[in-house]
Amino acid sequence: MRDGEQDREEVVLCLFTHHSAEGTISPILAVFWYHKSSKKLKEEIMNQKPVRVRFAPSPTGHLHVGGARTALFNWLYARNRGGKFILRIEDTDQARSTLESEKMVKHDLRWLGMDWDEGPEIGGDFGPYRQSERMEIYKKHAEQLLAEGKAYRCFCTDAELTAKREQAEAESRSPHYDGTCLKLSETEIQEKLAAGVPFTIRFKVPDNAYTLYDMIRGAVHWEPGTLGDFIILRSDGMPVYNFCVVVDDHLMEISHVIRAEEHLPNTLRQIMLYEAFGWKPPKFAHASLILGQDRSKLSKRHGATSVGQFKEEGYLSEAMVNYLALLGWNEGKDREEYTIPELIKAFSVKRINNSPAVFDMDKLNWLNGIHLRKLTDEQLFEVGAPFLVAAFPFLTPLVADHNPWILAALNMEKNKMVLLSELGERLQFLFHYELKGNEEMRAFFAEETHLAAGRLMAERILAVKDLTPDSFWEAAMSIKEEGFKGKALFHPLRALLTGTLSGPELNAMVPVLVSGANIPELVSIQDRCRKFIEVFGR
RNA sequence: GGGGCAUUCGUCUAGGGGUUAGGACGCCGGCCUCUCACGCCGGAAACAGGGGUUCAAUUCCCCUAUGCCCUACCA
């Protein structure tokens, strides 16, 4: 227990969460005892504000795994507590924000299985949910601080500020704003205003010490003087992140802010603003950063980091969510595998870690395999078919028809692949059969017994009039009478059939090959046998 | 430069004043097996360093080191 806040968290967790068998969550008020002082507790529960959390991406590109994890922690918390999950678009950086990015982010969130209760398009009682549509609100609040003398106009130009900063650094002083414009007289200000000199609005930083009680880190303390007066409204009238985040979180009645540690230093600015407005801040929880292999903050240069890329590479959203949840959070049990409903049930903020975590592709891959193997036929078809079609476009009609052959083909690889994108390469053998110049086959059939088995089986299979899985096996297995058995029998058969020494189980493969004979691009068993005799026949 | 946060196997982590420091990925070995996988069994592998406090520190405190984040008219 880090502090009193934690205590309360745990209590409410017990009382507000209910899981039905289907894994859906319904908030209920089950009153059962938890603590000696249950009367006081009940009172507290009734006074407890509903959980309202938000994910607030800036739409400047794809959804990044770091952002996805932040969104996930918020979403899991909301769903666990029967609260609301709000999507807010932080697009005050007009130069970098695009509607296209916003769409991609939303698309990726949905793919991961996260839905939101309030947000752009769907609306809600606290909208609008795009910061670019809330300009009047920010302006009004900035002017309020201005009127109250808690903020002031700054007429310094960019060049002047840069010079001041450089000089401060040269003299190894803190590069804080020096407060030049704070000393401006009222007449000077009016003159500049009349002359149309552009200005920003700066927040006058109080000379106080601050302590933040973070749900994950406990008390975080700042001494006075760590911060210079910072800009809240740009000269073009656009508000700055640290300002609108406070205004919005308050107006949207956000109860908990769960975000990455990179925002921890910013929180000081924010609690100053809450104080200036006389608002009660939400509870903060700062999760640690996700790092790349080199232990710096995960970014594009570490390779695939956008959620969309993982999807394209054949990762399952369930695996992604499972992995992301485990990156910086754990239930406290020796458990790695979770479905999404299981995560909702198990999640708690207080078990989020406070030390940075390296993104481990190996473990993600392993989890993907785990989730892949748990897929039902229907699910496997749904996620696998697109990859099949991408590799073999001529299968499009079969997929459209939900032809069972597709499922049979997918099932051959279900236990073997790590990524769905391997499907193309793994099933290549169905549509290609090449023995000439195949060094592996030459070496294999250089062995006398292998060659003999292959020849015999090819001939006997070709002699079958109506090839079915049964008649196939009968013909192939008939060479047992010649003394072939075990590896000496199955290995040559595999080689004969696929032209390689590894691949799916023969038992699964034969029906796929037989029933796929009507697919023009598929190389039939007969053709395989004929080609074999052509290359390795007597 | 200043501020903040962090530090248990290579990686993700459990634990926490007295433990054979537990699990998972990856790695190695074995079993299963027509191959490759899956699965199962086993193995190697960690408390950053130095000071305290204590009968006892990996666990609590301090310092150092290291890493990361913030220090923008980015979010």
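Protein chains get the first letters and strands the later ones, always in sequence-line order, with residue 1 at the start of each. Remember, it's a predicted structure, so these values are computed and weren't measured experimentally.
The pair Glu318(A)-Lys374(A) does not meet the salt-bridge criterion, since no charged nitrogen lies less than 4.0 angstrom from a carboxylate oxygen. Taking a cutoff of 4.0 Å between a charged side-chain nitrogen and a carboxylate oxygen, Glu474(A) and Arg460(A) do not qualify as a salt bridge.
Map Gly503(A) and Asn330(A) each onto its nearest nucleotide of RNA chain B; the residue landing nearer the 5' end is Asn330(A). Two residues, Gly328(A) and Pro198(A), neighbour RNA chain B, and the one matched to the more 5' nucleotide by heavy-atom proximity is Gly328(A).
Looking at heavy-atom distances under 4.0 Å, Glu90(A) makes contact with sugar-phosphate atoms alone, never a base. Note on Asn353(A): only backbone sugar-phosphate atoms sit closer than 4.0 angstrom, heavy atoms only; bases stay farther off. Note on Gln293(A): nothing from the nucleic acid sits closer than 4.0 angstrom, heavy atoms only. Backbone-only engagement by Asp362(A) is indicated by non-hydrogen atom pairs under 4.0 Å involving sugar-phosphate atoms exclusively.
Here Asn242(A) does not reach the OP1 or OP2 of rA75(B): none of its side-chain N or O atoms lies under 4.0 Å away. OP1 or OP2 of rA75(B) has at least one side-chain nitrogen or oxygen of Thr92(A) nearer than 4.0 Å. Not one side-chain nitrogen or oxygen of Arg295(A) sits closer than 4.0 Å to the OP1 or OP2 atom of rC69(B). Asn354(A) has a side-chain polar atom (N or O) that falls below the 4.0 Å cut-off from OP1 or OP2 of rU7(B). OP1 or OP2 of rU35(B) sits under 4.0 Å from a side-chain N or O of Lys487(A). Close to rC25(B), at under 4.0 Å from its OP1 or OP2, lies no side-chain N or O of Arg335(A).
As rounded to the nearest Å, rU66(B) and rG49(B) have C1' atoms that lie 10 Å from one another. Here the separation of rG15(B) from rC60(B), taken at their C1' atoms, is 16 Å to the nearest Å. Remark: the separation of the P atoms in rG26(B) and rG39(B) is 9 Å, to the nearest Å. Nucleotides rA21(B) and rA48(B), compared at atom P, are 15 Å apart to the nearest Å. Of the C1' atoms belonging to rG18(B) and rA56(B), the separation is 6 Å, rounded to the nearest Å. Straight-line distance between the P atoms of rU54(B) and rC69(B): roughly 40 Å, to the nearest whole Å. Using C1' as the reference atom, rC5(B) and rG17(B) are 26 Å apart when rounded to the nearest Å. Look at the C1' atom in both rA14(B) and rA46(B): the space between them is 13 Å, to the nearest Å.
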Does the salt bridge (Lys or Arg N to Asp or Glu O under 4.0 Å) test come out yes or no for Lys164(A) and Asp178(A), once each step is laid out? CA-CA 8 Å; Lys164(A) 284 182 211 272; Asp178(A) 61 0; 3.1 Å; yes
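Taking Asp294(A) as the reference, Ser296(A), Arg301(A), His302(A) meet the side-chain hydrogen bond (donor to acceptor under 3.5 Å, both in side chains) condition, with sequence neighbours excluded.
Checking Lys345(A), His371(A), Glu331(A) one by one against Tyr338(A), the side chain to side chain donor-acceptor pair (under 3.5 Å) holds for a single residue, Glu331(A).
Checking rA75(B), rU11(B), rA14(B) against the side-chain heavy atoms of Asp93(A) singles out rA75(B) as nearest.
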